[in-house]
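For clarity, every value in this text was computed on a predicted model and none was experimentally measured. Just so it is clear: chains get the letters A, B, ... in the order the sequence lines come, proteins before strands, and each one is counted from 1. Scope of the values below: all heavy atoms of this structure, side chains included, with no hydrogens, waters or symmetry mates.
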Protein chains: 2
Amino acid sequence: MDETIAIRALAALAQEHRLALFRHLVRAGRTGVTAGELASSAGIGATSLSFHVKELERAGLVTQQREGRFIRYRLDVQGMRGLLAFLSEDCCDGQPELCGDLVPLGSGCGPTRRISSNDQ
Amino acid sequence: MDETIAIRALAALAQEHRLALFRHLVRAGRTGVTAGELASSAGIGATSLSFHVKELERAGLVTQQREGRFIRYRLDVQGMRGLLAFLSEDCCDGQPELCGDLVPLGSGCGPTRRISSNDQ
DNA sequence: TCAATGCTACAATAATTATTGAATTATTCA
DNA sequence: TGAATAATTCAATAATTATTGTAGCATTGA
């Protein structure tokens, strides 16, 4: 992940409403959520939702798909993965033994194993 | 981790200079880095460094210790762990099978195993 | 085609954040 | 104590970000 994109993603998440929207979308998973539902879940107006969700899109954290007169938003799983990887990839500068259990392996999802070494 | 602190930490990292300072401190580990070294590593002045490093402290990502006329900064490992945990804890809403390899287990440090099952 | 619905774009304003230089505080050493 | 060094505080300015209302576009269904 590029530093510029990482900063954009961090900035996107560093805002009350956007963080709430993001977490809502994370929970919704593949199903996704329409713009209107997102707006009412966050207690914000349509204009404000549009502004914030666009920031999340621009940061590569969310995708959009039109469904008739609705627009459905979904978590961009690759984008989320990229950010998490970026935040943890430099820890210990390649010397895991220096920091111990820095990354909370047990708090996320996915199998309990290492991924191939070419993950960035 | 409290949402307010998470936002503060995300905002702290969502800035070019602070992200560079943070990563420098991550690499430096327990040794830490003095303010002056940090400033020149980031190519910024003393005033600017003071401003940015204070933001990182306020976000619980960095600690400070005076050493004579120097001040040494170190990564706050607990703070970093807390943020990483917060960002991944809600993924899949407790249903790991829904999202697959969302969390980049292989990119961080620490042992390849789950932490106790009562992590949420 | 017209009205209604869902959402986005634009513009104005308010609020927050970053940068810079000058002054200030803390420490060391002669 | 006084000079030098390391870092912070303060104030002014510039830049970025958030909010709100209004207008506009896309889609549906009568």
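Of the residues in residues 54-63 of chain B, none lies under 4.0 Å from DNA chain C by heavy-atom distance.
Side-chain contact between A/L19 and B/F86 is present, with at least one heavy-atom pair separated by less than 4.5 Å. In this structure, the side chains of A/L25 and A/L61 stay at 4.5 Å or more apart for every pair of heavy atoms. For the pair A/I5 and A/R8, the minimum side-chain heavy-atom distance is below 4.5 Å. Using a 4.5 Å heavy-atom threshold, the side chains of A/V26 and A/M80 count as touching. Side chains of B/T63 and B/L75 form no contact here, defined as non-hydrogen atoms less than 4.5 Å apart. The shortest side-chain heavy-atom distance between B/E57 and B/Y73 falls under the 4.5 Å cut-off.
At least one donor-acceptor pair closer than 3.5 Å links the side chain of B/E37 to the backbone N or O of B/T34. Formation of a donor-acceptor pair under 3.5 Å by the A/R66 side chain with backbone atoms of A/I71 is not found in this model. One N or O on the side chain of B/R18 and one on the backbone of B/A12 form a donor-acceptor pair closer than 3.5 Å.
Of the residues near DNA chain D, A/S48 and B/E37, the one whose nearest nucleotide (by heavy atom distance) lies more toward the 5' end is B/E37.
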Polar atoms only, N or O, under 3.5 Å: list the protein pairs with nucleotides 1-6 of chain C and their distances.
from	atom 1	to	atom 2	distance (Å)
C/dT5	O4'	A/R69	NH1	3.1

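Annotation: the terminal axes of the helix from C/dT1-D/dA30 to C/dA30-D/dT1 meet at 20°, where each axis is the rotation carrying the C1' atoms of four end pairs onto the next four (5 pairs per end, rounded to 10°).
For DNA chain D, the outermost nucleotides in 5' to 3' order that have an atom under 4.0 Å from a heavy atom of chain A are D/dA18 to D/dT28.
Checked against side chain to side chain donor-acceptor pair (under 3.5 Å), A/S41 has the following partners two or more places apart in sequence or in another chain: A/H24.
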query = So B/Q64 and B/R72, side chain to side chain donor-acceptor pair (under 3.5 Å) or not? Walk me through it.
reply = CA-CA 6 Å; B/Q64 171 186 49; B/R72 185 168 296 271; over 6 Å; no
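Between A/Q64 and the phosphate of C/dC7, there is no side-chain N or O to OP1/OP2 separation shorter than 4.0 Å.
Look at CD on B/Q65: it is 18 Å from P on C/dA26, rounded to the nearest Å.
The ring-ring contact (aromatic ring centres under 6.0 Å, His included) contacts involving residues 38-72 of chain B comprise B/H17-B/H52, where partners must be two or more places apart or lie in separate chains.
Residue-level contact check: A/R72 touches neither bases nor backbone, having no heavy atom under 4.0 Å from any strand.
Considering CG of B/L38 and CG of B/L56, their distance stands at 9.0 Å, rounded to 0.5 Å.
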